[in-house]
Amino acid sequence: VREYEGQGEAMRTIQPRADDAWDYVIVGGGTAGCVLAGRLSEDPATEVLLLEAGGEARGLAVRVPALVQKLPSDVNWLYPVEPDLSLGGREDPYSAGRILGGSSSTNHMMWARGNYRDYDEWEALGCTGWGRHGVLPYFRRAERFEDGRDPYRGATGPIHVGRTKVDHRMTDVFIAAAAEAGLPRRRDYNGEEQEGVALAQVNQRHGLRHSVVDAFLAPARKRRNLQVVTSVLVTRVLVEGGRAIGVEYRIGDRQRIAFARKEVLLSAGAVGSPKLLMLSGIGPPRVLERFGIPLVLDMPSVGQNMQEHPAASLVFEVTERTLNQDLTPVRLIRHALAFVFAGRGAITSTSGHAVAFLSAGPNSTVPDTQLIFVAFGLSDIEDPNRGGERLSARRLTARSGGRSAGRRQAAPDPLVTVTAVVLHPRGRGEVSLRSRDPTTPPQIRQELLGDAADLRALMDGCLIVRRIFDTRALRPYVVRERLPGAAVVSQEAWGGYLRGHAFRLFHATSTCAMGTGPEAVVDPRLRVRGIGSLRVIDASVMPTIPSGNTHAPTIMIAEKGSDMVLDDRP
Ligand SMILES: Cc1cc2nc3c(=O)[nH]c(=O)nc-3n(C[C@H](O)[C@H](O)[C@H](O)COP(=O)(O)OP(=O)(O)OC[C@H]3O[C@@H](n4cnc5c(N)ncnc54)[C@H](O)[C@@H]3O)c2cc1C
């Protein structure tokens with residue numbers, strides 16, 4: 001019997017048998033984990049184990065974009081979040097995929113890289129190699145873009161990316177209106193320049209979700225050197241002599257150990273990775289002491305610095321038919337045919353048909369706001385389970401990803417929605433523990449609009465939306481503004497609306513931030529500072545949140561991370 005360093009509990013010495021040990025043990029088969037598993041197992045001599053808490057990514061709701069709201073709640077962690085005082089005490093849960101592919105199997109498929117200046121800022125913060133020239137080859141390597149190859153885009157990578165195939169007249173009108181309001185029309189906001197308005201890009205193939213499972217994992221699963229185990233909860237990383245030697249995990253009611261000959265790679269996401277580090281004794285001593293977890297490494301910044309994109313929607317009633325009217329049986333048949341024969345139409349719809357990146361703030365020179373347009377809208381509906389409580393659009397959005405499955409109803413009127421997103425929020429949240437029991441969800445605290453500058457920035461973005469809807473191009477189509485409504489004009493009224501309706505896009509980052517200073521959890525090669533053979537590779541390592549949706553940047557991080565792991569092979 002011997003003790004694993006610092007972990008205090010006597011455990012039987014287990015000599016790694018050939019079938020208990022792999023070169024790399026990847027924790028979390030989500031966005032980053034599937035990319036890593038695919039890339040690291042390309043060499044037949046490298047043995048890789050991927051451990052995922054959720055099940056296989058199966059079912060129509062995973063594959064068919066328009067069914068994303070019908071995903072069952074058991075594929076979603078729905079992590080509880082502490083009451084948000086900046087939103088009147090609301091407790092909207094945090095959605096994240098608990099399924100093979102992680103949030104890549106449950107997200108809304110919007111494909112955005114962010115602004116190249118985001119990555120130059122990472123480099124300026126000390127993350128050598130992560131500037132625009134260091135990340136661009138990995139964005140290109142990952143993707144197969146429908147327009148083909150150019151100096152910015154990739155054409156031969158595993159993940160299929162193209163423009164939305166919904167083809168809606170209101171989308172074209174919105175783009176024309178945004179151009180009239182002064183935004184450059186952009187063919188490709190993931191190319192040389194980001195600023196402007198364009199059709200949304202999505203990771204889809206033949207109109208179906210093309211997730212990291214389809215793109216990176218499925219082709220690798222026939223390899224004998226890759227083992228994928230689903231429905232297992234990793235409970236901690238085992239550290240011995242200052243280096244990670246493996247992980248402990250639960251399979252049903254049994255506890256097992258997987259040894260890593262070379263490295264343990266944490267890819268459990270911006271909530272899961274810091275939680276696992278803390279359960280393993282790596283984190284803020286005050287948290288570990290409170291729960292009686294023996295300290296392995298004093299690292300106060302684990303779980304801190306959580307960043308998220310605050311968002312709010314404006315909903316307009318319009319004169320044209322929108323997707324709200326497409327749910328009649330006859331129209332559904334038409335859309336089904338368009339989908340089956342051309343991979344186009346309403347069935348391929350995600351939550352964005354057009355996207356704009358712009359500077360809404362008075363002094364900003366880089367895009368500080370994203371607008372997401374969709375020819376569809378929700379209005380207040382009755383919640384059948386809560387005695388006539390009215391559910392507003394933002395509550396439904398907060399539940400996106402499962403909880404409201406079966407209860408979402410499109411409003412019968414023709415509506416369009418534009419969501420304004422604050423790209424560079426100042427507010428910070430944190431992930432901590434509630435218990436040393438690994439099955440207990442972590443504690444998440446975040447005041448989405450706790451910083452007055454973020455509230456102001458969200459209002460600026462919403463005011464731009466109103467300006468776009470007051471252009472010559474759009475005015476003839478607008479019946480009225482449904483949300484927040486024409487009465488909301490003063491700063492005070494906007495403040496009230498935003499506190500009542502703002503929501504997060506589930507883009508959490510930076511809880512194990514990369515850097516060089518004492519506050520960094522991982523170094524620029526994604527190695528946990530102070531522990532050998534342990535890296536974090538997922539959205540949690542981003543030093544700052546990028547100017548756009550976070551799926552593509554996470555894939556880029558895993559692509560680059562896989563090269564680092566292979567280059568550093570002992
Ligand atoms: C509803 C929703 C919509 C979104 N829409 C978009 C969008 O349209 N475009 C976009 O770019 N981004 C979007 N995002 C964000 C984007 O999907 C994420 O930022 C990205 O996928 C994060 O990747 P990750 O690898 O860090 O984490 P994840 O993909 O979440 O992977 C983490 C994995 O680890 C597993 N795991 C966690 N803990 C354990 C444990 N203890 N043991 C075993 N396994 C564990 C999880 O089950 C999961 O599979 C959305 C997210 C959500 C939730």
Side-chain angles (χ1 to χ4, degrees), residues 25-36 50-55 57 65 68-69 71 75-79 93-114 161 200-203 209 211-213 229-237 247-251 266-277 279-280 307-309 311 350-352 355 370 372 397-403 421 438-439 441-442 503-512 536-542 545-546 548-558 561:
V25 174
I26 304 169
V27 178
T31 306
C34 288
V35 175
L36 286 173
L50 179 66
L51 297 171
E52 165 56 38
V68 70
Q69 301 299 346
L71 281 164
V75 304
N76 198 322
W77 287 91
L78 289 169
Y79 293 114
Y94 186 85
S95 169
R98 183 183 180 139
I99 180 172
L100 209 55
S103 306
S104 182
S105 292
T106 64
N107 74 15
H108 292 194
M109 291 158 261
M110 306 281 294
W111 189 260
R113 291 178 175 181
V161 178
Q201 292 179 25
V202 288
N203 50 290
R209 178 193 297 276
S211 73
V212 290
V213 177
V229 185
T230 56
S231 306
V232 290
L233 185 74
V234 176
T235 53
R236 65 176 172 165
V237 179
V247 302
E248 216 174 71
Y249 64 98
R250 281 191 194 166
I251 183 160
L266 282 191
S267 300
V271 175
S273 286
K275 177 187 172 191
L276 267 172
L277 285 178
L279 288 174
S280 315
Q307 299 176 35
E308 174 64 82
H309 286 139
T350 66
S351 54
V355 175
Q370 180 178 5
I372 304 172
T397 311
R399 291 175 173 201
S400 136
R403 232 192 214 181
V421 184
T439 60
F503 53 91
R504 56 172 61 82
L505 291 189
F506 309 118
H507 287 175
T509 67
S510 314
T511 48
C512 300
V536 182
I537 306 183
D538 58 26
S540 69
V541 303
M542 299 185 192
I545 192 165
N549 315 62
T550 45
H551 184 226
T554 307
I555 291 175
M556 174 279 289
I557 287 171

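First listed ligand is number 1; within each ligand, the first listed atom is number 1. For reference, positions follow the sequence shown, starting with 1.
- The minimum heavy-atom distance between I537 and A558, with the atom names listed, is CG2-CA, 3.8 Å.
- For ligand 1 and G97, the ligand atoms under 4.0 Å from any heavy atom of the residue are 46 (C), 47 (O), 48 (C), 49 (O).
- Close approach of ligand 1 to A53 is summarised as follows: ligand atoms under 4.0 Å from at least one heavy atom of the residue are 43 (C), 44 (N), 45 (C).
- Close approach of ligand 1 to V232 is summarised as follows: ligand atoms under 4.0 Å from at least one heavy atom of the residue are 42 (N), 43 (C).
- S273 and S540 make their closest contact through CB-OG, 4.1 Å (heavy atoms, listed as atom of the first residue, atom of the second, distance).
- Atom 7 (C) of ligand 1 has its nearest heavy-atom neighbour, among Q69, M110, H551, in M110.
- When heavy-atom distances to ligand 1 are checked against a 4.0 Å cut-off, H507 comes that close only through its side chain, counted from C-beta outward.
- A heavy-atom separation below 4.0 Å is not found between V68 and ligand 1.
- We find the CD1-CE distance between I372 and M110 to be 4.5 Å, quoted to the nearest 0.5 Å.
- In summary, the atoms of ligand 1 found under 4.0 Å from a heavy atom of A539, numbered by their order in the structure, are 26 (O).
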Stepwise side chain to side chain contact (heavy atoms under 4.5 Å, CB included) test for R209 and H108: CA-CA 9 Å; R209 178 193 297 276; H108 292 194; 6.0 Å; no
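- With a 4.5 Å cut-off on side-chain heavy atoms, W77 and V271 do not count as touching.
- Residue T31 has at least one N or O atom closer than 3.5 Å to an N or O atom of ligand 1.
- Among L279, V234, L71, the residue whose heavy atom lies closest to atom 41 (N) of ligand 1 is V234.
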Under the side chain to side chain contact (heavy atoms under 4.5 Å, CB included) rule, what do T554 and M542 come out as? Steps first, then yes or no, please. CA-CA 9 Å; T554 307; M542 299 185 192; 3.5 Å; yes
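- Every heavy atom of T235 sits 4.0 Å or more from the atoms of ligand 1.
- Contact check for N549 versus N107: no side-chain heavy atoms found under the 4.5 Å cut-off.
- Closest heavy-atom approach to atom 30 (O) of ligand 1 within the set G28, G269, S103: this belongs to S103.
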Are T31 and I555 close enough, and set up right, to give a side chain to side chain contact (heavy atoms under 4.5 Å, CB included), and what steps lead you there? CA-CA 7 Å; T31 306; I555 291 175; 3.6 Å; yes
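- With contacts defined as side-chain heavy-atom distances shorter than 4.5 Å, the pair Y94/E308 qualifies.
- With S95, A270, C34 as candidates, the residue nearest to atom 53 (C) of ligand 1 on a non-hydrogen basis is S95.
- Within the 4.0 Å heavy-atom cutoff, W111 does not count among the residues contacting ligand 1.
- Remark: the N76 side chain and the S95 side chain contain an N/O donor-acceptor pair separated by less than 3.5 Å.
- Ligand 1 has no N or O atom lying under 3.5 Å from any N or O atom of V27, backbone or side chain.
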One pair to check against side chain to side chain contact (heavy atoms under 4.5 Å, CB included): S104 and H551. What are the steps and the verdict? CA-CA 7 Å; S104 182; H551 184 226; 2.9 Å; yes
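- Heavy-atom contacts of A32 reach the following atoms of ligand 1: 25 (O) (cutoff under 4.0 Å).
- Annotation: ring pair (Phe, Tyr, Trp, His ring centres under 6.0 Å) contacts of Y249 (sequence neighbours excluded): none.
- The N/O atoms of D538, backbone and side chain alike, include none that comes under 3.5 Å of an N/O atom in ligand 1.
- Each of the atoms 40 (C), 41 (N), 42 (N) of ligand 1 lies under 4.0 Å from some heavy atom of L233.
- Considering backbone and side-chain N/O of R98, none are found under 3.5 Å from N/O of ligand 1.
- Contacts between I99 and ligand 1 below 4.0 angstrom, taking non-hydrogen atoms only, involve the backbone exclusively.
- Ligand 1 is approached by S267 to a heavy-atom distance shorter than 4.0 Å.
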